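Beneath this line is the structure, given in structure tokens, with notes to follow.
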Amino acid sequence: MKIVLLVTALLGSILCFSGLPPFGSGPAADVGNCQTTWYRSGQMQSRAELEDGVRQGAASEWYASGKERCVGAYELGLREGAWVFYTEAGEIDVARSGSYSAGLRTGP
């Protein structure tokens with residue numbers, strides 16, 4: 001099972017780096033370095049830009065249902081700046097949304 005997940009993750013990363021559509025989904029949004037994770041169902045779970053193997057730049061996550069979970073940006077692998085989190089019902093999760101600095105929530 002772990003080998004299957006590793007191969008799937010590696011294949012997804014290779015497709016992402018090449019700009020090819022991963023696993024029958026739409027075309028990759030960017031051709032540069034990115035990290036994409038998938039649910040077993042094939043639904044995209046997360047996508048983040050990478051720099052030297054570290055999350056750096058825009059990032060998004062989705063629930064298994066396909067609804068958006070959160071959107072924001074990373075700096076040196078940590079949440080930075082404005083992040084918006086959503087509940088599965090699609091409402092803004094005010095307890096988690098807000099400004100982040102060095103991975104910590106600093107305010108609304």
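As the structure is a prediction and not an experimental result, all values here were calculated from the model. The chain is numbered in sequence order, starting from 1.
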What are the two closest heavy atoms between [X] and [Y], and how far apart are they?
X: Glu49; Y: Gly57; answer: OE1-CA, 3.7 Å
X: Glu80; Y: Ala102; answer: OE1-N, 2.9 Å
X: Cys34; Y: Arg47; answer: SG-NH2, 3.5 Å

Do any N or O atoms from the side chain of [X] and from the backbone of [Y] form a donor-acceptor pair under 3.5 angstrom?
X: Thr106; Y: Ser99; answer: yes
X: Glu51; Y: Gln56; answer: no
X: Thr87; Y: Asp93; answer: no
X: Tyr39; Y: Trp62; answer: yes

Rounded to the nearest 0.5 Å, what's the gap from [atom1] on [X] to [atom2] on [Y]? Could you check?
X: Glu75; Y: Ser101; atom1: CD; atom2: OG; result: 8.5 Å
X: Glu61; Y: Cys70; atom1: CD; atom2: SG; result: 3.5 Å
X: Arg79; Y: Arg105; atom1: CZ; atom2: CZ; result: 11.5 Å

If we ignore angles and hydrogens, is there a donor and acceptor under 3.5 Å between the side chains of Gln35 and Arg55?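 On atom types as modelled, these side chains qualify, holding a pair under 3.5 Å.
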Membership question, hydrophobic clusters at under 4.5 Å side-chain separation (ILVMFWY): are Tyr63 and Val94 in the same one?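 Unlinked, Val94 and Tyr63 end up in two clusters.
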Look at the side-chain heavy atoms of Ile, Leu, Val, Met, Phe, Trp and Tyr, link any pair under 4.5 Å apart, and say whether Ile92 and Val71 land in one connected group.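 Yes; Val71 is reachable from Ile92 via cluster members.
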Distance under 6.0 Å and angle within 45° of the ring axis: does Arg96 meet both against Phe85?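 Flagged: Arg96 positioned over aromatic ring of Phe85.
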Heavy-atom distance under 4.5 Å between the side chains of Met44 and Trp38, does that happen here?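 A side-chain contact under 4.5 Å exists here.
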So, for Tyr74 and Trp83, is the gap between ring centers shorter than 6.0 Å?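 Close enough - the centres of the two rings lie under 6.0 Å apart.
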